[in-house]
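First comes the structure, then the notes that go with it.
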Protein chains: 2
Amino acid sequence: MAVKILLYDDNEALRQSMETLLGEEPDLEFIAGIPNAETVETDVRELKPDVVLMDIDMPGVNGVEAVRRIRRIAPQLPIIMLTVFDDNENIFRAICAGASGYILKRYASIEIPSAIRNVLTGGAPMTGTVARKVLQMIPPANNSDQEKTDLSQKEISILQLLVQGFSYKMIAAQLKISHDTVRFYIKKIYDKLHVHSATEAVSKAIKDGLV
Amino acid sequence: MAVKILLYDDNEALRQSMETLLGEEPDLEFIAGIPNAETVETDVRELKPDVVLMDIDMPGVNGVEAVRRIRRIAPQLPIIMLTVFDDNENIFRAICAGASGYILKRYASIEIPSAIRNVLTGGAPMTGTVARKVLQMIPPANNSDQEKTDLSQKEISILQLLVQGFSYKMIAAQLKISHDTVRFYIKKIYDKLHVHSATEAVSKAIKDGLV
DNA sequence: GTACTTACTACATGATAATGTAGTGGACGT
DNA sequence: ACGTCCACTACATTATCATGTAGTAAGTAC
């Protein structure tokens, strides 16, 4: 049985050409091309596609939001994003929303059939530049791994409270130590973190995963 | 001029077959196959490869560590990892270390030549299952985060400076607005974020990806 | 035009933070 | 017993922040 493919794209010409393109593949079946994703949940439920091709840039419900909606009702359904831009922002959003692949339209005509087969066998088809960008999203992490600023247990707990927006007074009350002691520790924290204000300390703490 | 390729793999047979394989590609030149990565820095400096193929599982200096070392002296040199296992741990480590691609050995014979060309044109060649795993590493994040606190452009830029630890004065100077205006905006930010201090605002800004 | 919103500036006041200096008492090694 | 760390407390000073109230100029809405 042929693989049923559902396409979302607001561009009439693209829907046409995609239908033609997929028509030439005997194992792939273009079942519908829909110009907007307003009714994406019912579409998916009724048409039961095996793969969804989703334009990222549509009026009304955009592609990323559509992916989110699909994921709520069909967590495993492969969704391949189609887009003209390979900007980080959209790629990141789409992937967080649960897209399975990400292909640039300009390569779509040659890549789509194999991308569909790829995604069905557990792959994640991506245009080369997109793959590179995805890799860059992974924390460039502990390369020069961290002379991890070693804060004492007490310093860490104070830093945590600071991150939660506690004032010195509140921290003192919480930890049952004097207000001045809180300041004493916070000063030490500043020294170790090489910062000079609570906001910097909080920023660094979160970004460096100290809390 | 042919693309110069340097291979690291402790398996003699694999080095042989890779040399044979690449010998059939006129645009690719196998310059060396080295069984261990002890001297990877000097190797790279002297042989000046255009692409490195790196086995991930070698005795002594392993592939991931080798990537780290190469990255210190050649941040841009494409490195494609070769491995028999597509376990998350290794993939993650290699990518964090700065690998450019990740290919399973069992597919290497058919994928390597195109992977090399891919990586040279800015791509990130990955075996399908690896690509899928890489996507899964991205935080499944803010699906339901929504009601995205919509800060104005100016509010965001002020928030960014705040996150960097700037004082009101510094922000005012930076943005060439009055000190009081900074406070005016920060108050609005607090309102929108439902916080009452700079530390809370910074914390929320970072955690919610507002900056 | 009047009403209303935006973007910005101004002044005032009490609270909080940042930094310095200094002292206590207990735990440590020698 | 000696010095000397460490954890904690204390006091003082200046800078900065949080919040309120209020006013101006420009732009929009009707």
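FYI, side chains are in, hydrogens and waters are out, and symmetry mates aren't considered; it's all heavy atoms of this structure. In what follows, chains are A, B, ... by sequence order, proteins preceding strands, each numbered from 1.
Using a 4.0 Å cut-off between charged nitrogen and carboxylate oxygen, Glu200(B) and Lys204(B) do not count as a salt-bridge pair. Salt bridge annotation for Asp55(A)-Lys105(A): present, with a cationic side-chain nitrogen under 4.0 angstrom from a carboxylate oxygen. A salt bridge is defined here as a Lys NZ or Arg NE, NH1 or NH2 lying under 4.0 Å from an Asp or Glu carboxylate O, and Glu41(B) with Arg45(B) fails to meet this definition. Look at Arg117(A) and Asp27(A) and you find a salt bridge, because one of the NZ, NE, NH1 or NH2 atoms lies within 4.0 Å of a carboxylate O, short of that distance.
Side-chain atoms of Gln174(B) never come within 3.5 Å of backbone atoms of Ile171(B) as a donor-acceptor pair (strictly under, hydrogens ignored).
For Lys188(B) and dA18(D), the NZ to C1' distance is 17 Å, given to the nearest whole Å. Atom P of nucleotide dA18(D) and atom CD1 of Ile186(B) are separated by 7 Å, given to the nearest angstrom. dA15(D) atom P lies 16 Å from atom CE of Met170(B), rounded to whole Å. Distance, Asp191(A) CG to dA18(C) C1': 12 Å, rounded to whole Å. Remark: P of dA10(C) and CD1 of Ile177(B) are 12 Å apart, rounded to the nearest angstrom. Per the geometry, CG belonging to Leu175(B) stands 14 Å off P belonging to dA7(C), to the nearest Å. Rounded to an integer number of Å, the gap from CD1 of Ile171(A) to P of dT16(C) is 12 Å. Taking atom OH of Tyr168(A) as the reference point, atom P of dT16(D) lies 14 Å away to the nearest angstrom.
Lys176(A) comes within 4.0 angstrom of no nucleic acid atom, judged by non-hydrogen atoms across all strands. Nucleic acid contact class of His196(B) (heavy atoms, under 4.0 Å, all strands): sugar-phosphate only.
The residue among Phe184(B) and Ala198(B) whose nearest nucleotide of DNA chain D is located toward the 5' end is Ala198(B).
An OP1 or OP2 oxygen of dT16(C) is reached within less than 4.0 angstrom by a side-chain nitrogen or oxygen of Lys169(A). In terms of phosphate contacts, Lys154(A) brings no side-chain nitrogen or oxygen within less than 4.0 Å of OP1 or OP2 of dC6(D).
Nearest to the side chain of Lys187(A), among dA18(D), dA18(C), dG20(C), sits dG20(C). Taking every side-chain heavy atom of Asp180(B) into account, dA10(C) is the closest of dA17(C), dA10(D), dA10(C).
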